[in-house]
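Data first, discussion second: the structure below is written as structure tokens.
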Protein chains: 2
Amino acid sequence: MPATTETVTSTELAARLRSNVVRLSRRLRRHAASGLSPSLISALAVVARRGPLTPSELADIEDVRRPTATRFVAILENRGLVDRDPDPLDGRSYRVAATARGRVLLAESRTRQGAYLARALSTLEASDLRTLDQALGVLERLLEAGR
Amino acid sequence: MPATTETVTSTELAARLRSNVVRLSRRLRRHAASGLSPSLISALAVVARRGPLTPSELADIEDVRRPTATRFVAILENRGLVDRDPDPLDGRSYRVAATARGRVLLAESRTRQGAYLARALSTLEASDLRTLDQALGVLERLLEAGR
DNA sequence: CCGATCTAGTTAGCTTTACTAACTATACCG
DNA sequence: CGGTATAGTTAGTAAAGCTAACTAGATCGG
């Protein structure tokens with residue numbers, strides 16, 4: 001029963017959004033396949049997509065503090081998913097890039113059995129996927145705005 | 001009805017959804033007003049809305065293990081937001097209900113200044129709110145289905 | 001009715017996530 | 001060149017949620 005004509009109040013929506021984010025976040029962590037938590041997969045995906053990044057840039061994009069970015073890089077490097085090259089312009093820093101193995105793992109985490117979320121979404125109809133797609137657009141703008 | 005004729009792939013959507021859940025979840029925790037984390041607010045809201053519940057029922061609804069529900073109840077009770085009455089039918093258990101103070105805090109957490117999320121959502125247009133509303137419906141079905 | 005088993009809640013201990021504060025070392029500016 | 005600003009790191013802390021193991025009340029078969 002889609003309440004298409006009813007007014008949606010933002011406070012009511014806030015409560016519902018919070019609950020669902022909390023629950024989905026639990027689910028994702030519980031079903032973490034490939035041995036990487038949602039946070040780490042997200043960080044790896046950012047590094048892979050947005051090319052070589054300094055830890056500070058990663059922290060900024062992922063909306064975490066720099067010590068957390070340091071930890072992300074350390075763990076990902078430890079597993080050979082990422083490597084670092086000195087920054088030619090700044091001796092204090094370095095650039096992080098995804099390794100071939102990191103890219104493989106990312107691809108697998110999207111398509112393979114282990115991908116709980118992709119599997120769940122694949123059961124949805126096209127119209128539902130479109131709805132989610134649009135909602136994510138809204139959410140992204142919201143996150144970007146409220147920094 | 002939307003001009004979007006492009007196909008939305010579920011694997012691509014999964015990655016985007018994961019990132020946004022992870023980030024929003026960080027935001028929510030960071031902006032936790034009223035001294036309650038998103039998890040605890042969500043638990044309190046469930047107790048308030050779905051009447052007196054046993055810890056097991058709470059655990060089931062919130063999709064956590066029982067020890068986690070025990071902790072939720074302990075913390076909420078400690079802050080006077082919830083109280084417990086013995087279960088007349090089962091001597092091992094009890095029923096948890098929201099106190100007046102708990103309900104006040106919930107109401108405040110929805111409307112007041114401190115409510116980061118409600119404030120952010122209030123800047124959106126009605127059509128965006130409707131999009132989110134529909135997407136939450138999809139998400140809820142998804143979460144319910146994948147138990 | 002009684003012992004065996006099942007179930008609700010709890011306790012203890014662990015892991016992960018992410019924070020702040022404080023430190024090191026390099027960059028930059030007057 | 002000296003002082004300040006900035007990048008990354010280290011250390012320590014707190015919260016979330018898990019599993020394993022325990023306690024006590026419920027339930028079921030004989």
Side-chain angles (χ1 to χ4, degrees), chain A residues 18-19 21-44 47 52-79 82 84-96, chain B residues 18-19 21-44 46-47 52-79 82-96:
Chain A
R18 171 168 38 230
S19 274
V21 165
V22 166
R23 285 173 202 171
L24 187 49
S25 165
R26 278 183 199 125
R27 277 293 171 89
L28 288 176
R29 196 160 329 156
R30 202 179 297 153
H31 289 107
S34 71
L36 285 191
S37 67
S39 283
L40 288 170
I41 290 202
S42 182
L44 176 58
V47 170
L53 294 174
T54 66
S56 288
E57 287 165 345
L58 176 60
D60 189 54
I61 295 171
E62 281 292 278
D63 199 14
V64 295
R65 308 290 169 169
R66 282 195 319 229
T68 303
T70 293
R71 189 170 44 78
F72 284 174
V73 172
I75 296 174
L76 292 175
E77 188 184 34
N78 232 294
R79 307 207 185 176
V82 127
R84 57 175 91 188
D85 286 311
D87 188 325
L89 302 174
D90 190 336
R92 297 167 296 181
S93 188
Y94 56 89
R95 335 268 327 273
V96 182
Chain B
R18 170 169 39 232
S19 274
V21 165
V22 166
R23 285 173 202 171
L24 186 48
S25 167
R26 277 183 202 126
R27 274 295 169 88
L28 289 176
R29 197 163 328 154
R30 203 179 297 154
H31 289 105
S34 71
L36 285 191
S37 66
S39 283
L40 287 170
I41 291 201
S42 182
L44 177 58
V46 163
V47 169
L53 294 173
T54 65
S56 288
E57 287 165 345
L58 175 60
D60 190 54
I61 295 171
E62 281 293 276
D63 199 14
V64 295
R65 308 290 170 168
R66 284 196 317 230
T68 302
T70 294
R71 188 167 44 78
F72 284 173
V73 172
I75 295 174
L76 292 175
E77 188 184 34
N78 232 294
R79 307 206 186 176
V82 126
D83 55 18
R84 56 176 92 189
D85 285 310
D87 187 326
L89 300 174
D90 191 334
R92 296 167 298 182
S93 189
Y94 57 90
R95 335 268 326 273
V96 182

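Proteins come first, then strands; the chains are lettered A, B, ... in the order of their sequence lines, and each starts at number 1. A quick note: this is a predicted structure, and the numbers were derived from the prediction, not measured.
Here the closest non-hydrogen pair linking A/A69 and A/P55 is CB-O, 3.5 Å. Taking every heavy atom of both residues into account, A/S39 and A/E62 meet most closely at O-OE1, 4.2 Å. When every heavy atom of B/V47 is checked against every heavy atom of B/V96, the shortest pair comes out as CG1-O, 3.8 Å.
Of the possible polar contacts, none joining the A/R18 side chain to the B/I41 backbone as a donor-acceptor pair under 3.5 Å is found.
The CG-P distance, from B/D87 to D/dG25, rounds to 14 Å in whole Å. Counting to the nearest Å, the P atom of C/dT15 and the CG atom of A/L36 are 18 Å from each other. Separating the CD atom of B/E62 from the P atom of D/dC18 is a distance of 11 Å, rounded to the nearest angstrom. Atom-to-atom, OH of B/Y94 to C1' of D/dG25 comes out at 15 Å; the value is rounded to the nearest Å. The CG atom of A/L53 sits 15 Å away from the C1' atom of D/dG8 (whole-angstrom rounding). Remark: P of D/dA16 and CZ of A/R18 are 13 Å apart, rounded to the nearest angstrom. A/L28 has its CG atom 18 Å from the P atom of D/dA16, to the nearest Å.
Remark on DNA chain D: of its neighbouring residues A/S56 and B/I75, the 5'-side contact belongs to A/S56, judged by nearest-heavy-atom nucleotide. The residue among B/A69 and A/P38 whose nearest nucleotide of DNA chain C is located toward the 5' end is B/A69.
Listed pair A/S37 / C/dT17 meets the phosphate criterion, a side-chain N or O lying under 4.0 Å from OP1 or OP2. Residue A/T70 has no polar side-chain atom (N or O) positioned under 4.0 Å from OP1 or OP2 of D/dT10.
Summarising the geometry, atom CG belonging to A/D87 is positioned 5.0 Å from atom OG belonging to A/S93; distances are rounded to the nearest 0.5 Å.
The side chain to side chain contact (heavy atoms under 4.5 Å, CB included) test with B/Y94 is passed by exactly one of B/T54, B/V73, B/D83: B/V73. Each of A/R26, A/R23, A/R30 was scored for a salt bridge (charged side-chain N to carboxylate O under 4.0 Å, His left out) with B/D63, with one residue passing: A/R30.
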Next item on the list: Give the B/S/- string for nucleotides 18-30 of chain C, one per nucleotide from 5' to 3', where a protein heavy atom under 4.0 Å of the base yields B, of only the sugar-phosphate yields S, and otherwise -.
Entry: BBBB---BBS---
